[in-house]
2 protein chains.
Amino acid sequence: MRKDINIVEVAKKANVSIATVSRVFNNSGKVKESTRRKIEQIIEETGYYPNILARELAEKKTSLIGMIVHNMTGEGMPRAINGVSEVLIKRGYNLLIACTNGVFENEQKHFEIFRSKRVDGIIFATDKFLTAHERMIKKLPIPVLSLLQVTEKENIPFVSFDNYRFAKEATQKLIELGHSRICFIGGPESSVNGLERFRGFTDALKEAGIKINKDLIINGNFHVEDSYHKMKVILDRNRDFTAVITINDGMAIGAINCLEKHNILVPDQVSVLGLDLTVLASTSRLKLSGVQYSYETLGEKGAEILLNLIESEDTLFDKYIVPYDIYLRESVSCRSKSFKP
Amino acid sequence: MRKDINIVEVAKKANVSIATVSRVFNNSGKVKESTRRKIEQIIEETGYYPNILARELAEKKTSLIGMIVHNMTGEGMPRAINGVSEVLIKRGYNLLIACTNGVFENEQKHFEIFRSKRVDGIIFATDKFLTAHERMIKKLPIPVLSLLQVTEKENIPFVSFDNYRFAKEATQKLIELGHSRICFIGGPESSVNGLERFRGFTDALKEAGIKINKDLIINGNFHVEDSYHKMKVILDRNRDFTAVITINDGMAIGAINCLEKHNILVPDQVSVLGLDLTVLASTSRLKLSGVQYSYETLGEKGAEILLNLIESEDTLFDKYIVPYDIYLRESVSCRSKSFKP
DNA sequence: GTGAAAGCGCTAACAA
DNA sequence: TTGTTAGCGCTTTCAC
């Protein structure tokens, strides 16, 4: 940090006290018009910038929000950050970001760093909310909001999607269309939200009285290529199905690519539906069917709730579930014809 | 900010001076082993955290890097941020992020906010580097590094891709394969890097003695759907071409979708090559041909150069061009057969 | 080894 | 209106 001119020097040059300079800068208190102009002129000339660090130290408020994310490179997180960012800026806050790659030690370290940095609040987005996380958070003297993870039991405010519900509802739509033998290409076991979606899927089947066929279920890792291979694995073990649900849109595309490679027509023979439609969905030749929700809204709501908590000094437990839409489009058809050999 | 225990109270409880506590916390100076342990115990018991704000004020160093990005939601920026973030953490810095949506006033405001926050340096990623940007930056007492924009004339350090060169080279590859009637679906005019790519394209043609046909050139906005329509526009005005180059991978996919819809075979009749291959490319059924480079490296290099500048107090003008690879894969064929009507 | 005290640059209560 | 002054919590000489 180079040497900057400070308030004392400005005051000296303007022949006033530092208090007056402070008042001018903050538009607080009354200052005679002529002195105000004088001071403003000096500020202009000298290129003076107040040192916000000192102000924050004095005010005990940083207007800084820390955000800890496990992964920046998905389709959703950048959008969520965008949403957060927008609300923060509007309300005079700044965003401190840390990327942890899901490593617990990194997360822990950043809770401490953020605490030391005296951020006013923290937005925490992780893959799996652990009891250890809860303990860390409970120790902090500032509000922490969980993004993407429901934390009912822990009484920690959160904003998330209702993964269980939309997966169930989407499955029901397929069932209504006459499908009963449905594949599920899921996420990794470590993803709580992935498991929730799977639970929604199986519950929908159960409630419809459809037996669950393990041949048609497989885990994946969210990626297009992986889905291609997983679809192939399923094809190799059982071809008696008429629909596929995938954990996200990339995997829907991977599945479609695989099916078409094997001369299975989508949606004539197999319908495909992806949960979590993002920009990837737009690359599909077929208009993809599936569940869509706004990550921007996720971020915006998260930021709003957190700021409200901070500014009201309430210790309220607040939460919000972002709504979703289900689209049935080109990749889904009413009653797919069998392609059984 | 709630009331936290501070150094004075710790000192009191330990019956030592605050200077000693400070020494313990920073491992600076000599402290007798027994007093050190005593103090550490008190720190443990009280859950004391040093107020980094105060330290920063005293030390005149925040270990904070500001990053101003115009757009968070592309494929590349999150990866670049990841790269930046990784280097910063490794070297003990934190990342302050601002999203401007390309609005000049927002950019300006954040340069000021960051300056006031006393960040140690700024990484600036914009679409178009203006003289006004240069003026702002020159006024700042801290180093600013331009990401994605070359700033030769301004003597501002930068890390970027060589958009001109890779576009030219990719075009030359197509020419070598026997293509001469090549479409170009470009970016918006506001994107300097898009224009550079276009310049590379036209120069390659010129140098090969190929006349430029305006029918085959069109601007777009980087998006898949837009590319679909732009490809259609070209098809409507001129079908005498054997290859298409698009400004990015999403547009390559859009173009392919359009061609196939019109029963034009890729790559048998038309080869398609996309600049800037990202995760979108992986959704294509055909392995996409094109230029690929690492946004992670972009971010890492940017952070490294900036930190070096900060820590050495040099005012060196430093720069780095991230290398690229050109892949010719399924979407390109040697000499496409004509599909002219 | 340890402590006292002078900053760091600002805000805000109180006085004038 | 304006100025004086006591913090905010830490680092860092300089004595002891």
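Values in this document were obtained by computation on a predicted structure and should not be read as measured data.
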If each of A/Arg55 and B/Ser34 is mapped to the nucleotide of DNA chain C with the nearest heavy atom, which maps nearer the 5' terminus, i.e. the 5' end? B/Ser34
Within this structure, what is the CD1-to-C1' distance between A/Ile18 and C/dC14, rounded to whole angstrom? 14 Å
Starting at atom NZ of B/Lys117, determine the distance to atom C1' of C/dC10, rounded to an integer number of angstrom. 14 Å
Taking only N and O in the side chain of A/Ser17, is any of them less than 4.0 Å away from OP1 or OP2 of D/dT4? no
Below 30° counts as parallel, above 60° as perpendicular, anything between as tilted: where do the rings of B/Phe104 and B/His133 land? tilted
Step-by-step side chain to side chain donor-acceptor pair (under 3.5 Å) determination, A/Arg91 to A/Asn308: CA-CA 11 Å; A/Arg91 293 176 60 166; A/Asn308 292 347; 3.0 Å; yes
With the side chain defined as heavy atoms from C-beta on, A/Glu59 is closest, among C/dT11, D/dT2, C/dG3, to C/dT11
Measure from the side chain of B/Ile7, starting at C-beta and using heavy atoms only, and say which of C/dG3, C/dC10, D/dT11 lies closest. D/dT11
Report which part of the nucleic acid B/Lys32 touches: base, sugar-phosphate, or nothing (heavy-atom distance under 4.0 Å, all strands). sugar-phosphate
Under-4.0 Å side-chain N/O to phosphate OP1/OP2 contact, A/Tyr48 with C/dC10: yes
Grab the CD-P distance between A/Glu9 and C/dG7 for me, whole Å please. 15 Å
I want to check a possible cation-pi pair here: B/Lys301 against B/Tyr320, using under 6.0 Å from ring centre and within 45° of the ring axis as the test. yes
If you round to the nearest 0.5 Å, how far is CD1 of A/Ile42 from NZ of A/Lys13? 7.5 Å
When you check the phosphate oxygens OP1 and OP2 of C/dT11, does a side-chain N or O of A/Ser22 lie under 4.0 Å from one of them? yes
Integer-rounded Å distance: D/dC8 C1' and B/Tyr49 OH: 21 Å
Under 4.0 Å between a side-chain N/O of A/Asn6 and OP1 or OP2 of C/dC8, yes or no? no
A/Lys30 has an atom NZ; how far is it from atom P of C/dC14, in whole Å? 20 Å
On the side chain of A/Arg118, is there an atom forming a donor-acceptor pair with the base of D/dG9 - under 3.5 Å, no angle test? no
Please determine whether any donor N or O and acceptor N or O are separated by less than 3.5 Å between the side chain of A/Arg23 and the base of D/dG3. yes
In Å and rounded to the nearest 0.5 Å, what is the CG to CD1 distance from A/Leu309 to A/Ile305? 8.0 Å
Check every strand shown and say whether A/Ile52 touches a base, only sugar-phosphate, or nothing at a heavy-atom separation below 4.0 Å. nothing
OP1 or OP2 of C/dT11 versus the side-chain N and O atoms of A/Lys61: is any pair under 4.0 Å? no
Considering only heavy side-chain atoms of B/Leu57, the closest of C/dA12, C/dT2, D/dG9 is D/dG9
Strictly under 6.0 Å, is that where the ring centroids of B/Phe158 and B/Phe129 end up? no
For A/Thr35 and for B/Ala54, find the nucleotide of DNA chain D with the closest heavy atom, then tell me which residue's nucleotide is more 5'. A/Thr35
Atom pair distance, as rounded to whole Å: NZ in A/Lys38 and P in D/dT2: 13 Å
Ignoring backbone atoms, test whether A/Thr20 places a side-chain nitrogen or oxygen under 4.0 Å from the OP1 or OP2 oxygen of D/dG3. yes
Euclidean distance, atom CG of residue B/Asn26 to atom C1' of D/dT13 [Å, nearest integer]: 15 Å
